[in-house]
Amino acid sequence: MTASTGGPGYPPEWRTPPRADDQRGAYAVFIAVITSALLFFGGLAYDAPRLNAARQDALHAANEAARVAAATVASGGTLAQARTAAEERTSRTRLIYGQAVHVALLDCVGSRVQVTVITGYFYRSVLGLLRPRQPIEAVGAAEARLVLPSDEISTLHYLGECPLT
């Protein structure tokens with residue numbers, strides 16, 4: 001036997017302790033768990049506000065697309081022209097972190113036009129390992145007011161292309 005493993009005839013301090021008392025590596029597991037938890041919570045602290053900002057920006061883009069679509073329909077355009085105008089507006093709009101935004105749905109009832117846009121947020125932290133992209137859907141609405149040539153607001157509460165119900 002070598003001096004490193006100990007055995008009979010060697011001093012007790014040279015002997016290897018029994019396996020039940022062996023605690024080598026116990027802190028390594030603890031450090032790995034704590035480090036993983038800190039990375040996860042750090043990713044949440046980094047990505048959560050950015051995701052919230054991306055959602056708010058998508059909502060602003062949806063509202064802007066709805067305003068453009070409502071103005072198009074109010075000026076005598078069709079729903080197809082309103083959708084084209086909303087898509088053209090969103091194609092020129094880049095969200096806060098550079099994501100593209102697309103019109104998913106355009107609907108109108110009475111004088112109210114509603115636009116649903118879709119986009120996504122790409123995680124920048126370790127959360128991207130779990131889910132690389134968070135889809136975002138935002139709904140914006142606008143109401144068109146018809147103005148008469150005398151600069152009075154019309155009492156007519158629906159647009160030509162939009163059904164009443």
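Just so you know, these numbers use all the heavy atoms, side chains as well, and skip hydrogens, waters and symmetry mates.
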Rounded distance (nearest 0.5 Å) linking atom CG of Asn63 with atom CD of Gln114: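 Reported to 0.5 Å precision, the distance equals 10.0 Å.
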
Between CG of Leu51 and CZ of Arg55, what distance do you get to the nearest 0.5 Å?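 Leu51 atom CG to Arg55 atom CZ measures 4.0 Å (nearest 0.5 Å).
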
Would [X] end up clustered with [Y] when hydrophobic side chains under 4.5 Å apart are linked, directly or stepwise?
X: Phe41; Y: Leu130; value: yes
X: Leu106; Y: Val101; value: yes
X: Val109; Y: Val68; value: no

Minimum heavy-atom separation for [X] and [Y], please, with both atom names.
X: Ala85; Y: Thr72; answer: CB-OG1, 3.5 Å
X: Ala65; Y: Ala86; answer: O-CB, 3.8 Å
X: Val115; Y: Ala66; answer: CG2-CA, 3.6 Å
X: Glu143; Y: Ser111; answer: OE2-OG, 3.0 Å
X: Ala61; Y: Leu95; answer: CB-CD2, 4.2 Å
X: Glu88; Y: Ser91; answer: O-OG, 2.7 Å

Throw together a table of side-chain donor-acceptor distances under 3.5 angstrom for residues 117-124, partners on residues two or more places apart or in other chains.
residue, atom, partner, partner atom, Å
Thr119, OG1, Ala100, O, 2.7
Tyr121, OH, Asp47, OD1, 2.6
Tyr121, OH, Arg50, NE, 2.9
Tyr123, OH, Gln134, OE1, 3.4

Is there a donor-acceptor contact under 3.5 Å from the side chain of Thr78 to the main chain of Gln81?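 It does hold such a pair.
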
Any donor-acceptor N/O pair, Asp107 side chain to Val113 backbone, under 3.5 Å: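 Not confirmed, Asp107 side chain does not pair with Val113 backbone.
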
Do Val139 and Leu105 have side chains that approach each other closer than 4.5 Å (heavy atoms only, starting at C-beta)?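 They are not in contact (no side-chain heavy atoms under 4.5 Å apart), so the answer is no.
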
Report yes if some heavy atom in the side chain of Leu59 is under 4.5 Å from a heavy atom in the side chain of Gln56; otherwise report no.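 Result yes, sub-4.5 Å side-chain heavy-atom pair found.
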
Tell me which donor-acceptor pairs under 3.5 Å the side chains of residues 31-39 have, and how far apart each pair is, sequence neighbours excluded?
residue, atom, partner, partner atom, Å
Thr35, OG1, Ile31, O, 2.7
Ser36, OG, Ala32, O, 2.9

